[in-house]
Visitor: 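Dumping the structure here so I can ask a few things about it.
What's counted below: heavy atoms across the whole structure, side chains too, no hydrogens, waters or symmetry copies. Proteins get letters first, then strands, A, B, ... in listed order; numbering begins at 1 in each.
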Amino acid sequence: MQMLRRGAVIAAGAVLLAAPMGGAVAFASSSAPSTLTIGNIGDADTLDPIFSTSVPALDIEQMIFTPLYTVSPHGRLVPEDATHWTVSSNNLTYTFYLSKAYHWSDGQPVTAADYVFSMDVILNPKANAPGYGTYQPIIKSVTAPSPYVLQVTLKSPTAPFLAGDFVNFYPIPKHILDKVPVSKLATNSYGNDPTVTDGPYKFVAWKHNDYIEVTANPNYGGPPAHIQNIVYKIVPDQNTLVAELRTGQIQFDEGVPPQDVAEVKKFAGIDLKRFTNAEYVYMGFNFKYFKPFDSLAVRQAIAYGINRKAIVKDVVLGYGQLANGTVLPSVKWAYDPNIKGYNYHPNRAAKLLAAHGWKVDKNGILAKNGQELAFTLMTNAGNQVRDEIVQIIQQELAKLHIKVTPDIIDFSTLVTNYVNPGKFQALVLGWQLTAPDPDVSSIFDVTQEPPAGLNVGWYNDPIVNKEDQIEIHNLNQAVRAKAFYKIQEEMYKNPPYVFLYYAQTVTAFTSNLRGYVPSPFLDFYNIQNWSLK
Amino acid sequence: MSAVQREALEADRRAEAELLAYETEWQAVWRRFRRHRMALVAAVVLSLIALSAIFAPLIAPYPPDHLDLSAILASPSAAHPLGTDQLGRDVLSRLLYAGRVSLAVGVSAAFIAMVLGTLVGSISGYLGGVTDTLLMRFVDVMLSVPTLFLIIDAESFFQVNAVMLTALIGFTSWMGVSRLVRGQFLALKSREFVEAARAEGARGWRIVTHHLLPNALAPVIVNGTLSVGVAIITESALSFLGFGIQPPTASWGNMLSQFQNVIYQQPTLVLYPGIMIFLTVLCVNLIGDGLRDALDPRLRI
Amino acid sequence: MRRVLQSIPTLLIIMIATFALVHLAPGGPFAYLVLNPHINRSEVLRLEAAYGLNLPLPIQFIHWFWAMVHLNFGISFQGGQQVATLIGAALPNTLLLVGISLCIILLISFPIGILAAVKQYSVADYTATILSFGGISIPDFWLGLMLMIVFSISLNWLPAGGMLTIGAPFSIWDRIRYLILPVTTYVLVNQAYFSRYIRSSMLEVVRQDYIRTARSKGVRERVVIYKHALRNAMIPVATIFGLTILPSLVGGAVILETVFAWPGMGRLYYQSAVSRDYPTILAITLIAAFAVILGNLLADLSYGLLDPRVQYD
């Protein structure tokens, strides 16, 4: 399963393992259609936003809850329940002023007390909320000075807080749940049928592994939703999903695989939209478990030896954009448009290796001081795109006499036994970002090495380490931008990864749909504004 | 005398005539096998498939993992008779090499299942009593444990390749054979010829190997051929679920699930591994059927 | 009776074996959490402790065993749902799909098997053989997809996946439309196991002495076949049915359920397996084990009913 809560996550992307793709549609009825049926390959875990971790849950929560503020497709923060907010001069206290318009679907007002309650639950270790590890290290206190004012005080100035961790924070209703012992909240029936919510839609039914149904909430504080009913149908097979688009059983598919796009284009009454997602795919080096990667020349030669353009063209059929670093091009203030990348140059790669003393040994593999350039390249099973990338890299590097052994294994095994402990030689995976803040210190900073951290490749670069501290603790965007420029440049000079490409997503939906704007951060951004003609 | 009776007598008479002709047992089997025309055809087809797999390195126009990114998903042509796959590899070449893997998986897994099943079934059937009870309850256990987990568990110890997968399929599919052999043994044990052998002083092991096993072997062989097909299908199903043989090694199963992903782009591709699996498993099953008829000692028509 | 008592230790061993297998599997239920850069590893250890996963395995087993004795299946690690709720939702769907398929299989495989046996090497036999083996030789996910492409995508006659038209009032016809493709696939792929078994059992019995005797006594062919032969041929058939029917009914069909978006037990099991949702996997395995044991038991008992000569001691 894929974690998509806040910040960046590895995109599992496996057809059966994770659920990054989905869709929606309306029932074919003679009059104005009143239902949109969305198809998705995975089911939600729980619909309680404090405890959910799956992509489908996040999709439904966008419909049935209202956050303090959300994020636009361009990465701007957009007020929702909070009309505006201020930051104290010491950069520690955030004050959110709440709208009085929002009510729970049972008529009770949504107040700051609900947010305080929700955050208290997360910060209570007895609750076992997955957000505990996110917020506990940075939040000092959350209080409600008055019913419609919420104050969040941090332990130290943390720049990525507002546009990172705290984006799309959904409250749960205190008056419904405060009698439940905190240790029982995770398994409370609220996660199964959240009847009291505050979003544009309200919960109707959840048939596990079958569908989730919501209907427009007449008590919604914002502009009322146009589409009366939304059905979120779980269709675990990608081919079946396409077939259901054809039969009209679903009218929205959040992610048509590139190889099916041509077919879906032929379907009458279906439109498609293409956009660059907040996800990039990379080949990661492990500096601890394959020593030759310490050599810059080896990494550069590998980067020059991989035909990234061919990968984009042939594996994802052009539905990708070459990536040269960790910052998304859409985050304009931090993205360095002049950052260079490593383009396909096998001759340069071969020369580089020869110049650094690598010679072909009796096994036909490059070697130096008895160490062969032979490593295992891992990825998760069931994801055809990654399978193919691994096989291309194997073949390309074989031409340079570098021996790559593919090892394609079950996602959970890969993550627990190899990725988390940082015990692998090289791997192909993807990171998906769900918030616009470009902070990625948790992946590359020296303080984040396993077992505690996510710097699983044991990358250690003094410049990156230094700039990380600047961008985390300084709230000034200009200062941060400078730091991010330096980080991007350093990651080109001393690459932790071979950055491959940013993924592009194609959504397919009924031509009747109006008001839909694709967003890399939220699958159903502004769904209350969608309508069916 | 009804027609049926006459036929029965006829059959008996012919059987006697054959016995008089000193036809050996295997000649008789072959003669009866030939009567099953479809089995005969199947044997020929399967031999061709097996030969093509064995001689894949000689026949295949390209190495199986030779990439050509300039010609992905190409339609059939003189250079690529069956076209190319998503990475521009020659589909015909991969299909031939995949045949080696799939056939090896099928045959080896079935062999493991037959040997294990026969062993457990013989011991259980011959010794009976507590041993029988224990072994048969063990069969129940094996039928109940989640086999998918055996594969996942194996991943923590080995890189799960074709050999491992074959062993795993074999070790989780012997239970049917063991019940079959046990049943045969139970039925044969009290037959006159076994009693006679025992009266002549034959002891345990000899009775098993000389008297019980040969007579119980027919259903085992039949079941064995059928398990070849089941193993090939199982491998393809595991590939569909993401637990099969992983690329770049090609098997018909993983080619089938790989080509399903491009079914709308190049719909004919999925037919090739599909047809190979279908033909192979069909032939194996028909041969098994022919063997069943041929080995049935009462069947002398 | 002794046979019934034997089931208890068998079940215990199955529980131990399954528990060990599942817990020794690499990966863990909270693997995905660590992929969030803002959650560190100590968080996973904390969660594992909260769910008792840090205790020694034997202790965990005893906890689980005790809960099972009280028929408490526990709570899923994926979202805190009651496992009983998840199974309660999936089991009826699987019973419907597999139950209908098996009924059809039984209805058609008896005539096919008997006909093929009685008229061995006739055109009818050959046709039955080709049809049966044809079905058994096709991977079900392939056949399912082919049918879907023809009947849903090209012809647009039948729905591709799901169980019913969501939101539409209940109608038998609607349910049938959704059942046609998965049931057809299931029947085509699985009927051979049954019809071939019936054929070979019948062939064996038909040639036995007492059948010949019955024939020579002038008993009518029909009576010979249906009264004497079939009854005896049923013994091995009952074994194979006992071994397959009950477990298939509760175990579901993971691949067909995936291809046809059918929310049944097979899919629930597969998803729990990939996400290492221990309580759900264990509960499903245990239910399946129950079915295996019960099926075998019924098969053994049925011998006595079908053939009075067999006595179970």
Side-chain angles (χ1 to χ4, degrees), chain B residues 1-2 4-5 8 35-38 133 136-146 148-150 152-153 155-156 175-176 179 183 219 222 226 229-230 233 236-237 240-242 253 256-257 260 263-264 267 270 273-274 277-286 289 292-293 296 298-299 301, chain C residues 6-7 9-11 13-14 17-18 21-22 24-27 120-121 126 129-130 132-134 136-142 145-146 149 153 192 196 200 203-204 207-208 212 215-216 218 221 224 236 239-240 243 247 254-255 258 269-270 273-274 281 284-286 288-293 296:
Chain B
M1 208 187 246
S2 74
V4 180
Q5 282 171 295
R35 278 190 50 85
H36 198 308
R37 273 189 224 112
M38 281 195 301
T133 305
M136 283 304 110
R137 296 298 75 78
F138 178 59
V139 166
D140 286 349
V141 172
M142 283 301 293
L143 285 169
S144 304
V145 296
L148 188 59
F149 265 90
L150 285 176
I152 297 176
D153 282 332
E155 272 191 342
S156 61
M175 289 81 79
R179 289 189 138 257
V222 174
L226 299 181
V230 173
I233 297 273
S236 78
F240 176 80
L241 294 175
L256 189 58
S257 58
Q260 284 213 343
I263 189 138
Y264 301 117
V270 79
I277 293 177
F278 174 74
L279 267 184
T280 307
V281 180
L282 182 65
C283 289
V284 160
N285 284 335
L286 286 173
D289 201 49
R292 199 215 72 81
D293 290 356
D296 184 343
R298 286 177 294 271
L299 188 64
I301 306 173
Chain C
Q6 282 173 10
S7 304
T10 311
L11 210 53
I13 293 172
I14 292 174
T18 307
L21 264 181
V22 167
L24 291 177
Q120 201 186 11
Y121 300 134
Y126 279 133
T129 304
I130 286 286
S132 305
F133 283 149
I136 216 173
S137 309
I138 306 178
D140 47 2
F141 61 97
W142 189 47
L145 182 65
M146 293 295 146
I149 284 179
I153 296 211
R196 295 315 287 179
S200 79
L203 275 179
E204 233 153 79
R207 290 193 187 78
Q208 285 192 356
R212 289 189 185 181
R215 278 174 171 161
S216 63
E221 185 66 12
V224 172
T239 314
I240 211 77
L243 279 175
V254 53
I255 288 179
T258 303
Y269 169 71
Y270 177 73
V274 290
I281 306 161
I284 295 176
T285 311
L286 207 60
F290 238 96
V292 168
I293 291 174
N296 277 345

Visitor: If you count heavy-atom pairs within less than 4.5 Å of chain B, which of C:Asp140, C:Ile255, C:Ile293 leads?
Guide: C:Ile255
Visitor: Under a 4.5 Å heavy-atom cut-off, does chain B meet the side chain of C:Leu145, its backbone, both or neither?
Guide: side chain
Visitor: Could you tell me whether the side chain of C:Tyr270 and the main chain of C:Thr258 form a donor-acceptor pair under 3.5 Å?
Guide: no
Visitor: If every non-hydrogen atom of B:Asn285 is compared with every non-hydrogen atom of C:Ser137, which pair is closest and at what distance?
Guide: ND2-OG, 3.7 Å
Visitor: Answer whether the closest heavy-atom distance between the side chains of B:Val284 and B:Leu226 falls below 4.5 Å.
Guide: no
Visitor: Does C:Phe290 have more than 12 heavy atoms from other residues, nucleotides or ligands lying within 6.0 Å of its CZ?
Guide: no
Visitor: Write down the atom of B:Phe240, the atom of B:Gln260, and the distance for their closest heavy-atom approach.
Guide: CE1-OE1, 4.1 Å
Visitor: In terms of heavy-atom proximity below 4.5 Å to chain B, should C:Leu11 be classed as side chain, backbone, both, or neither?
Guide: neither
Visitor: Measure C:Ile284 against the heavy atoms of chain B and call it side chain, backbone, both or neither at under 4.5 Å.
Guide: neither
Visitor: Which one, B:Leu143, B:Ile277, B:Val281, B:Leu279, leads in non-hydrogen pairs under 4.5 Å with chain C?
Guide: B:Val281
Visitor: Between B:Thr280 and chain C, which part of the residue has a heavy atom less than 4.5 Å away: side chain, backbone, both or neither?
Guide: neither
Visitor: If you count heavy-atom pairs within less than 4.5 Å of chain B, which of C:Pro247, C:Ala288, C:Pro139 leads?
Guide: C:Pro139
Visitor: Taking every non-hydrogen pair under 4.5 Å, which of C:Ile14, C:Ile281, C:Ile153 racks up the most with chain B?
Guide: C:Ile14
Visitor: Less than 4.5 Å to any heavy atom of chain C: does that hold for the side chain of B:Ile233, its backbone, both, or neither?
Guide: side chain
Visitor: Kindly indicate whether the side chain of B:Val139, heavy atoms from C-beta on, has any atom under 4.5 Å from the side chain of B:Arg179.
Guide: yes
Visitor: Heavy-atom pairs under 4.5 Å with chain C are the metric here; pick the option from B:Gly229, B:Gly176, B:Gly274 that has the most.
Guide: B:Gly274
Visitor: Considering only heavy atoms from C-beta outward, does the side chain of C:Val254 approach that of C:Tyr269 to under 4.5 Å?
Guide: no
Visitor: Quick one: what part of C:Val292 sits under 4.5 Å from any heavy atom of chain B, side chain, backbone, both or neither?
Guide: side chain
Visitor: Considering non-hydrogen atoms only, spot the tightest contact between C:Ala192 and C:Ile136 and give its length.
Guide: CB-CD1, 3.7 Å
Visitor: Which bit of B:Tyr264 comes within less than 4.5 Å of chain C, counting heavy atoms only: side chain, backbone, both or neither?
Guide: side chain
Visitor: Chain B heavy atoms under 4.5 Å from C:Leu286: which part of the residue, side chain, backbone, both or neither?
Guide: neither
Visitor: Identify the two heavy atoms, one from B:Asp140 and one from C:Thr10, that lie closest to each other, and give their separation to 0.1 Å.
Guide: CB-CG2, 3.7 Å
